[in-house]
> 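Okay, here's the structure, questions in a sec.
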Amino acid sequence: MQCCPKCDYHFKLDAQARLKMLLDGAWVEHDRELSSTDPLEFVDAKPYRQRLAAMQKALKMKDASTRSRASWPGAT
């Protein structure tokens with residue numbers, strides 16, 4: 001369960017790992033190419049577009065969330 005047996009630290013889980021833990025079977029991911037934009041051209045310490053690009057590179061995903069559909073065992 002991604003916990004240290006000595007100190008009980010909970011390691012981070014990415015979305016794919018969490019889905020694998022929760023679901024017994026396969027799932028279908030939707031809107032994989034959907035990504036955030038910057039229509040207001042927001043700038044703080046660095047431009048929002050740079051923040052988005054850094055996040056996409058670090059996560060290897062277009063967005064920080066994932067939308068998926070799966071069958072839940074026993075659910076109707």
Side-chain angles (χ1 to χ4, degrees):
M1 185 111 152
Q2 300 293 340
C3 292
C4 175
K6 293 182 180 179
C7 70
D8 212 22
Y9 174 80
H10 288 71
F11 296 99
K12 293 180 182 181
L13 289 175
D14 63 18
Q16 299 297 319
R18 188 168 300 278
L19 287 171
K20 285 178 186 175
M21 263 181 29
L22 291 172
L23 305 171
D24 291 335
W27 64 88
V28 177
E29 191 171 349
H30 297 281
D31 304 321
R32 187 174 182 89
E33 294 303 313
L34 189 67
S35 65
S36 298
T37 61
D38 183 20
L40 301 177
E41 299 179 3
F42 182 75
V43 177
D44 186 25
K46 63 174 143 177
Y48 187 65
R49 286 189 188 273
Q50 286 181 6
R51 292 178 190 268
L52 285 173
M55 180 274 306
Q56 290 172 347
K57 184 177 179 182
L59 294 178
K60 298 180 182 132
M61 296 172 58
K62 288 275 190 179
D63 198 38
S65 67
T66 182
R67 288 147 300 277
S68 302
R69 172 177 262 187
S71 296
W72 197 273
T76 58

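These figures come from a predicted structure and were not determined experimentally.
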> I want to check something: taking the side chain as every heavy atom from C-beta on, are Ser35 and Leu52 in contact at a cut-off of under 4.5 Å?
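In short, these two side chains do not touch, never coming nearer than 4.5 Å.
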> Verify side-chain contact (heavy atoms from CB on, under 4.5 Å) between Cys4 and Phe11, making sure each step is shown before the conclusion.
CA-CA 8 Å; Cys4 175; Phe11 296 99; 4.1 Å; yes
> Under 6.0 Å from the CZ atom of Arg18, do we count more than 12 heavy atoms belonging to anything else shown?
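No, because the 6.0 Å sphere around CZ of Arg18 holds 12 heavy atoms or fewer from other groups.
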> Ala70 and Ala26: which non-hydrogen atoms are nearest, and at how many Å?
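Ala70 and Ala26 have their closest heavy atoms at CB-O, 3.9 Å.
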> Could you tell me the separation between the CZ atom of Arg67 and the CH2 atom of Trp27, rounded to the nearest 0.5 Å?
15.0 Å
> In terms of hydrophobic clustering (I, L, V, M, F, W, Y; side-chain heavy atoms under 4.5 Å; direct or indirect links), are Leu23 and Val28 co-clustered?
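Leu23 and Val28: separate clusters.
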> Hey, are the side chains of Arg69 and His30 touching, using non-hydrogen atoms and a 4.5 Å cut-off?
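Yes, at least one pair of side-chain atoms sits under 4.5 Å.
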> Could you measure the distance from the CE atom of Met21 to the CD atom of Gln16? Nearest 0.5 Å is fine.
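Result: 13.5 Å between the selected atoms.
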> Under 3.5 Å, side chain of Gln2 to main-chain N/O of His10, donor-acceptor pair present?
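Side chain of Gln2 to backbone of His10: no pair is present.
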> Report the distance from atom OG of Ser36 to atom CZ of Arg49, rounding to the nearest 0.5 Å.
11.0 Å
> Closer than 4.0 angstrom, basic N to acidic O: yes or no for Asp38 and Arg51?
no
